[in-house]
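Atoms within each ligand, like the ligands themselves, are counted from 1 in listed order.
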Amino acid sequence: MTMTTQLSHIHRFVPGRDTKRPPLLLLHGTGGDENDLIGLGELVAPGSALISPRGKVLENGMPRFFRRLSEGVFDEEDLRRRAAELAGFIAEAREAYGLAAPVALGFSNGANIAAALLLLHPQALAGAALLRPMTPLRSAPAANLEGKPVLMLSGAADPIVPAADAGTLAALLRERGAAVRHETLPTGHGLTQADVQQAKAWLAGL
Ligand code: MLT
């Protein structure tokens, strides 16, 4: 069953069947939408409530969660504004659907806005699984992420995210106290079965 209440982001909501599991906030990649990651969410967190917003920025007609100037070069002013909007949406959705703080599951652009949420609005998320993330902000505030669980899955042959950049993000999150597990998989930017297995095992351990 999917329900959609009028909130500040177009979204899909799938009610949870297992109240012990945290809700998942699904954040799609460039050109995706609120439908994209529902199947992945059901695979990696069976029984979790799923809340899946659509990014509000359009790049040549493709939804994203914030503007970029070119591939890998972000409009950080827009990113900060969009992260604040998304934090507001999470608060609305929690109220509307009666949810605990969600764990983000974000891919690519969705992983990058999730990383920005952790750094700028740490209270919005209970944790995050970041699939092919990069460092979203050149100068990040001193957020308190003490004990927040974060999974980062990078691709060794990712043409979009340099390995050093993913390493910088892992270090930033660890410096702020997050419990980061960072794995580099033998793959590119696209997701594989290994991502599904790793994300599922990590989420089951929360
Ligand atoms: C981004 O713009 O967030 C990253 O370059 C990943 C992408 O969406 O291609």
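Looking at His189 next to ligand 1, no N or O pair under 3.5 Å apart turns up. Here's the thing with Arg64: one of its N/O atoms is less than 3.5 angstrom from an N/O atom of ligand 1.
Summary of contacts: the protein heavy atom closest to atom 9 (O) of ligand 1 is Arg68 NH1, 3.2 Å. Scanning all protein heavy atoms for the shortest distance to atom 8 (O) of ligand 1 gives Thr30 OG1, 2.5 Å.
Side-chain contact annotation: Asp165 with Thr168, donor-acceptor N/O pair under 3.5 Å absent.
Separation of atoms CD (Gln198) and CE (Met152) is listed at 13.0 Å; rounding is to 0.5 Å. In this structure, the separation between NE2 on His121 and CD on Gln123 is 7.0 Å, given to the nearest 0.5 Å.
Residue contacts with ligand 1 include Phe74, since one of its heavy atoms falls under 4.0 Å from the ligand.
Per-residue contacts place Ser108 under 4.0 angstrom from the following atoms of ligand 1 (heavy atoms of the residue considered): 6 (C), 7 (C), 8 (O), 9 (O). Using a 4.0 Å cut-off to heavy atoms of Gly72, the atoms of ligand 1 that qualify are 5 (O).
Classified by interplanar angle (parallel below 30°, tilted 30° to 60°, perpendicular above 60°), the ring pair His9/Phe89 is tilted. The aromatic rings of Phe65 and His28 are tilted relative to each other, their planes meeting at an angle between 30° and 60°.
Hydrophobic cluster membership differs between Val57 and Leu86, with clusters built from Ile, Leu, Val, Met, Phe, Trp and Tyr side chains linked at under 4.5 angstrom.
Nearest to atom 3 (O) of ligand 1 by heavy atom, out of Leu69, Leu79, Asn112, is Asn112.
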